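Values below: all heavy atoms of this structure, side chains included; hydrogens, waters and symmetry mates excluded. Here, residue 1 is the first one in the sequence, and each next residue gets the next number. The model shown is predicted, which means the values in this text are computed figures rather than measured ones.
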Amino acid sequence: LLNLSLWEDDREFQNYLLKNYSEILPIRDRVTAFERTGRISQAMEYAFKGLEEDREDYLLYKQMRDMVVSYRPKFDFQTAIIGRGEAQSFSSSIDFSLPLSFSTSFFIKANYLKMFKEDKDLIIKTPVVQELLAGIYKLSNFGKFSFSLGFLDSQEENVEANFEFEKYIK
């Protein structure tokens with residue numbers, strides 16, 4: 001029954017089954033149902049218990065890893081130096097996100113880009129691009145909504161506002 005309710009995305013019935021029959025349900029389906037009904041900490045707890053019992057369960061490990069990636073604070077730093085013939089660039093970006101609730105997260109992004117072009121012995125400097133954004137994104141059954149405000153400094157300073165919507169395709 002749980003498998004069918006997961007297939008039909010019937011969260012009310014999933015809640016009923018988890019409340020009354022939690023211990024006898026298949027572990028991976030139980031973890032998925034807890035995640036879909038918004039009880040992430042219980043989903044992670046059962047996934048951890050399942051992995052303690054069966055360390056070779058690759059699919060359960062993948063579920064646990066995906067939850068950690070999706071629902072835990074993240075910090076990402078990237079930097080690159082790229083040379084393309086006479087042109088070179090240096091870029092750096094920092095992304096940080098902090099979950100506020102089951103489906104809502106706060107994020108900060110900072111980007112820096114500097115390009116150089118070498119023309120004989122003269123180096124022509126192109127403008128530096130700096131960007132700082134802060135915003136909130138929300139995951140839902142329909143997709144991902146994101147709103148952010150930021151500051152972009154290139155040749156001119158600009159305040160920017162972004163609204164993004166991503167739709168899941170079934």
Side-chain angles (χ1 to χ4, degrees), residues 1-80 91-113 129-152 158-170:
L1 291 172
L2 180 58
N3 196 348
L4 183 60
S5 70
L6 290 170
W7 179 261
E8 294 179 356
D9 202 23
D10 184 353
R11 295 182 186 195
E12 185 177 323
F13 192 59
Q14 290 172 27
N15 268 326
Y16 170 78
L17 291 172
L18 290 170
K19 182 178 178 183
N20 297 312
Y21 306 104
S22 171
E23 294 302 320
I24 63 171
L25 297 171
I27 187 70
R28 281 186 246 129
D29 288 345
R30 188 181 336 161
V31 170
T32 301
F34 274 121
E35 181 182 7
R36 286 190 185 175
T37 56
R39 294 183 272 178
I40 303 303
S41 60
Q42 286 176 300
M44 289 188 171
E45 179 183 330
Y46 278 109
F48 189 79
K49 284 180 185 177
L51 288 171
E52 282 183 331
E53 293 171 9
D54 182 7
R55 295 181 186 271
E56 302 296 320
D57 190 344
Y58 169 75
L59 293 174
L60 185 58
Y61 170 77
K62 185 179 177 317
Q63 272 184 291
M64 177 96 173
R65 185 205 58 194
D66 290 346
M67 284 189 293
V68 168
V69 167
S70 298
Y71 303 113
R72 294 295 181 228
K74 295 177 220 145
F75 178 79
D76 182 38
F77 175 75
Q78 297 179 13
T79 188
S91 67
S92 183
S93 69
I94 297 173
D95 294 334
F96 174 74
S97 74
L98 178 67
L100 301 175
S101 70
F102 160 62
S103 62
T104 306
S105 293
F106 171 77
F107 67 89
I108 296 175
K109 295 182 180 185
N111 297 311
Y112 176 86
L113 173 66
V129 177
Q130 300 175 85
E131 180 181 39
L132 179 64
L133 290 171
I136 292 179
Y137 71 85
K138 179 167 181 64
L139 301 173
S140 74
N141 293 341
F142 305 107
K144 177 181 171 183
F145 302 92
S146 172
F147 178 75
S148 62
L149 292 173
F151 177 76
L152 177 66
N158 298 303
V159 175
E160 61 180 299
N162 297 310
F163 175 76
E164 296 177 23
F165 172 70
E166 295 177 23
K167 173 105 173 86
Y168 300 133
I169 300 174
K170 291 186 177 185

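For the residue pair Glu23/Tyr46, the side-chain donor-acceptor check at 3.5 Å is satisfied. A donor-acceptor contact closer than 3.5 angstrom links the side chains of Arg39 and Asn15. Defined by atom type and a distance below 3.5 Å, a donor-acceptor pair is present between the side-chain atoms of Gln78 and Asp76.
In summary, the aromatic rings of Phe165 and Phe145 are positioned with their centroids under 6.0 Å apart. Aromatic rings of Phe96 and Phe107 (six-membered ring for Trp) have centroids beyond the 6.0 Å cut-off, not under it.
Put simply, the side chain of Thr104 never gets that close to the backbone of Leu100: no donor and acceptor are under 3.5 Å apart. Side-chain atoms of Arg36 come within 3.5 Å of backbone atoms of Leu6 as a donor-acceptor pair (strictly under, hydrogens ignored). With hydrogens and angles disregarded, no donor-acceptor distance shorter than 3.5 Å links the side chain of Ser22 to the backbone of Lys19.
In this structure, CZ on Phe77 lies 7.5 Å from OG on Ser93, to the nearest 0.5 angstrom. Rounding to the nearest 0.5 Å gives a distance of 13.5 Å between CD of Glu52 and CG of Asp57. Here the CD-CD distance, from Glu35 to Gln14, works out to 11.0 Å after rounding to the nearest 0.5 Å. Going from atom CD1 of Ile94 over to atom OH of Tyr112 covers 12.5 Å, rounded to the nearest 0.5 Å. To the nearest 0.5 Å, atoms CZ (Phe75) and CG (Leu98) are separated by 13.5 Å. Expressed to the nearest 0.5 Å, how far OG of Ser148 lies from CG of Leu132 amounts to 10.5 Å.
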CA sep, side-chain torsions, deciding dist, call: Leu113, Glu131, side-chain contact (heavy atoms from CB on, under 4.5 Å) | CA-CA 9 Å; Leu113 173 66; Glu131 180 181 39; over 6 Å; no

Please test Thr32 against Gln63 for side-chain contact (heavy atoms from CB on, under 4.5 Å), starting from the C-alpha separation and ending with a verdict.
-> CA-CA 8 Å; Thr32 301; Gln63 272 184 291; 2.6 Å; yes

Go through Asp54 and Leu60 one step at a time and tell me if the side-chain contact (heavy atoms from CB on, under 4.5 Å) criterion holds.
-> CA-CA 9 Å; Asp54 182 7; Leu60 185 58; over 6 Å; no

Would Leu17 and Ser5 count as a side-chain contact (heavy atoms from CB on, under 4.5 Å) if you check the C-alpha gap in whole Å, the side-chain angles of each, and the deciding distance to 0.1 Å?
-> CA-CA 9 Å; Leu17 291 172; Ser5 70; 4.2 Å; yes

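Taking the charged nitrogens against the carboxylate oxygens, Asp9 and Arg11 do have a contact shorter than 4.0 Å, which makes a salt bridge.
Put simply, the side chain of Ile27 does not reach to within 4.5 Å of the side chain of Glu53, judged on heavy atoms. Side-chain atoms of Met44 and Ile40, non-hydrogen and from C-beta on, do get closer than 4.5 Å to each other. For the pair Leu18 and Thr37, the minimum side-chain heavy-atom distance is below 4.5 Å. Within the 4.5 Å cutoff, the side chain of Val159 has no heavy atoms near those of the Leu149 side chain. At least one side-chain heavy atom of Glu8 sits less than 4.5 Å from a side-chain heavy atom of Leu4.
Around atom CZ of Phe147, more than 12 heavy atoms belonging to other residues, nucleotides or ligands sit under 6.0 Å away. No more than 12 heavy-atom neighbours from other residues, nucleotides or ligands sit within 6.0 angstrom of NZ on Lys109.
The aromatic rings of Tyr58 and Tyr61 lie tilted to each other, with the angle between the two planes from 30° to 60°.
Closest approach of Tyr137 and Ser97 over heavy atoms only: OH-OG, 4.3 Å.
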